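Quick note: residue numbers are just sequence positions, from 1. The shown structure was predicted, so the numbers you read here are calculated from the model rather than taken from an experiment.
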Amino acid sequence: MATTTTPGSHMAAVKPCISSSRRTYMSGTANFGTNSEVGVWRRLKSSSHISATQPFFQSFKSGPTKSVKAVTRAMSGAAENSPLPGLPIDLRGKRAFIAGVADDHGYGWAIAKSLAAAGAEILVGTWVPALNIFESSLRRGKFDESRKLPDGSLMEITKVYPLDAVYDDPEDVPEDVKSNKRYLGSSNWTVKEVVESAKQDFGSIDILVHSLANGPEVTKPLLETSRYGYLAAISASSYSYVSLLKHFAPIINPGGASISLTYIASERIIPGYGGGMSSAKAALESDTRVLAFEAGRKHNIRVNTISAGPLRSRAAKAIGFIDMMIDYSSENAPLQKELSAEEVGNAAAFLSSPLASAITGTVLYVDNGLNAMGVGVDSPVFENLDIPKAAK
């Protein structure tokens, strides 16, 4: 499913053990594209201390401490650069399915990287018309730079599944879609079929991520949106999550986690974010609460959604004003910086981990705090107020 409207984890990679029979994409190492991304990953790596060569819990031996001053020196010296003894995000042995990854620029990709960095095995579902290009780019190494994990290794994707989450089973697919040349050559791509394939291939998963959104009339004001456009936005962007969780739940291991992505337009007016997409995001958040109860009681699965700030992804550019939204956020959010995809990935890794074992039914805002603002402080109305700005 295309991700046309949805605006790294803090640990080094522990590669999952993958049999040679599985379809794996591997290549050489590469560097991050920006210094800011390197900084994010370095901070995350130092805070979670997951390494392929170091144990999580190290014992520290020392003699009796004779003075407070000595303790202070020890903490600010060698111990400052040593791994902490606990609270790692450890997803080793876990398997994640991320629906809605079609390139290396969106939040779905960033979440996959964060989960992989924590040790999870990665499966992805890619919109059928984008499948060939995505798989070709993986094989040819075009994503190698963005696949790099904190320890220098590359994120491995065990298997890529064709997926169109608008259709629950083959009987739902209209003839014009079946015969569409963009779907020819792919099979078993409805929700039910993908889950059946994943069950046959791997038996179970532990983490389900919904990174899907599409509104064919997103650029139209709501008053000009057709019934078709409105219902299409709801179907692709919110009911698709209900369907995925409904079908995956029986093969999600107890204690598993499910995460979706939402946007502040669900509860605030964002002019230009139309076509029923604001309604779809509101439905997604409401469904998150209901699904948290139902999936929690029936399957012991936690269900949360991340309200992410604007990202300059290929998908978001389809809206037409993503740069303005990013500039607005930078000027008005409590934290005056551009949001990175890795920061959303980090939040997803936390919500997927045992550290969040009591968190469910929650909308987690990862937007530099913009959701807390009642007004835009960059307005000329406030020019005479002494409003602090972030130090450059």
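Using modelled atom types, one side-chain atom of Arg302 and one backbone atom of Ile359 make a donor-acceptor pair closer than 3.5 Å. In this structure a side-chain-to-backbone donor-acceptor pair under 3.5 Å is present from Ser226 to Gly229. Under a 3.5 Å cut-off, the side chain of Thr126 and the backbone N or O of Pro162 do not form any donor-acceptor pair. Between the side chain of Ser278 and the backbone N or O of Gly274 there is no donor-acceptor pair closer than 3.5 Å. Looking at Asn188, its side chain never comes within 3.5 Å of a backbone N or O of Val194 through a donor-acceptor pair.
Using a 4.5 Å heavy-atom threshold, the side chains of Pro174 and Tyr167 count as touching. In this structure, Arg95 and Ile207 have side chains that are not in contact, with every pair of non-hydrogen atoms separated by 4.5 Å or more. Residues Leu131 and Ser186 form a side-chain contact, since some pair of their non-hydrogen atoms from C-beta on lies under 4.5 Å apart. Residues Leu244 and Leu212 meet the side-chain proximity criterion, which asks for heavy atoms closer than 4.5 Å. A heavy-atom distance below 4.5 Å is found between the side chains of Val209 and Leu115. The shortest side-chain heavy-atom distance between Leu339 and Leu311 does not fall under the 4.5 Å cut-off. Within the 4.5 Å cutoff, the side chain of Ile252 has no heavy atoms near those of the His299 side chain. With a 4.5 Å cut-off on side-chain heavy atoms, Ile111 and Leu261 count as touching.
Under the rule for a side-chain hydrogen bond (donor to acceptor under 3.5 Å, both in side chains), Ser238 has no partner lying at least two apart in sequence or in another chain. Glu217 pairs by the salt bridge (charged side-chain N to carboxylate O under 4.0 Å, His left out) definition with Lys220, not counting sequence neighbours. Judged as a side-chain hydrogen bond (donor to acceptor under 3.5 Å, both in side chains), and not counting sequence neighbours, the contacts of Glu193 are Thr190. Applying the side-chain hydrogen bond (donor to acceptor under 3.5 Å, both in side chains) rule to Asn132 yields no partners; only residues at least two apart in sequence or on another chain are considered. For Phe134, the ring pair (Phe, Tyr, Trp, His ring centres under 6.0 Å) test picks out Phe143, with sequence neighbours left out. Partners of Glu294 according to the salt bridge (charged side-chain N to carboxylate O under 4.0 Å, His left out) rule, which considers only residues two or more places apart in sequence or in another chain, do not exist here. The side-chain hydrogen bond (donor to acceptor under 3.5 Å, both in side chains) search around Lys337 returns Glu343, Asn368, not counting sequence neighbours.
Residue Leu87 is grouped with residue Leu351 when hydrophobic side chains (ILVMFWY) are merged at heavy-atom distances under 4.5 angstrom, including chains of intermediate members. Note on Val303 and Val242: same hydrophobic cluster, where clusters join Ile, Leu, Val, Met, Phe, Trp and Tyr whose side-chain heavy atoms are under 4.5 Å apart, directly or indirectly. Put simply, Phe202 and Val191 are part of the same group of oily side chains (I, L, V, M, F, W, Y) that touch within less than 4.5 Å, one to the next. Both Met324 and Met277 are assigned to one and the same hydrophobic cluster, defined by single-linkage of ILVMFWY side chains at heavy-atom distances under 4.5 Å. One hydrophobic cluster holds both Leu364 and Leu355 under the rule that ILVMFWY side chains link at heavy-atom gaps under 4.5 Å.
Asn304 CG to Leu291 CG: the interatomic distance, rounded to the nearest 0.5 Å, is 11.0 Å. Between the CD atom of Glu342 and the OH atom of Tyr107 there is a distance of 10.0 Å, given to the nearest 0.5 Å. Remark: Tyr365 OH to Leu370 CG distance equals 11.0 Å, nearest 0.5 Å. Interatomic distance, CG of Leu163 versus CH2 of Trp127, reported as 11.5 Å (0.5 Å rounding). Taken to the nearest 0.5 Å, the OG atom of Ser114 stands 9.0 Å off from the CG atom of Leu149. Between the OH atom of Tyr273 and the CE atom of Met325 there is a distance of 10.0 Å, given to the nearest 0.5 Å.
Listed by first and then second residue, the side chain to side chain donor-acceptor pair (under 3.5 Å) pairs that reach into residues 350-362 come to none, sequence neighbours excluded. Among residue pairs with one or both ends in residues 232-255, none qualify as salt bridge (Lys or Arg N to Asp or Glu O under 4.0 Å); sequence neighbours excluded. Applying the salt bridge (Lys or Arg N to Asp or Glu O under 4.0 Å) test to every pair with at least one member in residues 170-189, sequence neighbours left out, gives these pairs: Glu175-Lys178. For residues 230-249, the ring pair (Phe, Tyr, Trp, His ring centres under 6.0 Å) pairs, not counting sequence neighbours, are Phe97-Phe248, His210-Tyr241.
Contact check on Glu331 versus Lys389 returns a salt bridge, with a Lys/Arg side-chain nitrogen under 4.0 Å from an Asp/Glu carboxylate oxygen.
The number of heavy-atom neighbours closer than 6.0 Å to OH of Tyr228, taken from other residues, nucleotides and ligands shown, is 12 or below. The 12-atom threshold is not exceeded at CD1 of Ile133, counting heavy atoms of other residues, nucleotides or ligands nearer than 6.0 Å. The neighbour count for Leu184 CG, taken as heavy atoms of other residues, nucleotides or ligands under 6.0 Å away, is above 12.
Closest heavy-atom contact between Thr305 and Ser260: OG1-OG, 2.8 Å. When all heavy atoms of Ala233 and Gly275 are compared, the closest pair comes out as CB-O, 3.6 Å. Scanning all heavy atoms of the two residues, the minimum distance from Lys113 to Ser146 falls at NZ-O, 2.8 Å. Heavy-atom minimum distance, Asp164 versus Tyr183: OD2-OH, 2.5 Å. The two residues Met373 and Asn332 have their closest heavy-atom pair at CG-O, 3.4 Å. Residues Ile89 and Ala118 approach most closely at O-CB, 3.7 Å, considering heavy atoms.
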- Step by step, work out the side-chain contact (heavy atoms from CB on, under 4.5 Å) result for Phe382 and Val375. CA-CA 10 Å; Phe382 300 106; Val375 296; 3.7 Å; yes
- Message: Checking Leu123 against Asp201 for the side-chain contact (heavy atoms from CB on, under 4.5 Å) test, could you report, in this order, the C-alpha distance in whole Å, the side-chain angles of both residues, the deciding distance, and whether it holds?
- Response: CA-CA 11 Å; Leu123 315 175; Asp201 294 338; over 6 Å; no
- Query: Given Lys94 and Asn253, is the side-chain contact (heavy atoms from CB on, under 4.5 Å) satisfied, shown in steps?
  - Reply: CA-CA 9 Å; Lys94 306 296 184 182; Asn253 291 319; over 6 Å; no
Expected list for residues 282-289: side-chain donor-acceptor pairs under 3.5 angstrom, two or more places apart:
| from | atom 1 | to | atom 2 | distance (Å) |
| --- | --- | --- | --- | --- |
| Glu285 | OE1 | Ser266 | OG | 3.2 |
| Glu285 | OE2 | Thr262 | OG1 | 2.8 |
| Glu285 | OE2 | Ser266 | OG | 2.5 |
| Thr288 | OG1 | Leu284 | O | 2.8 |

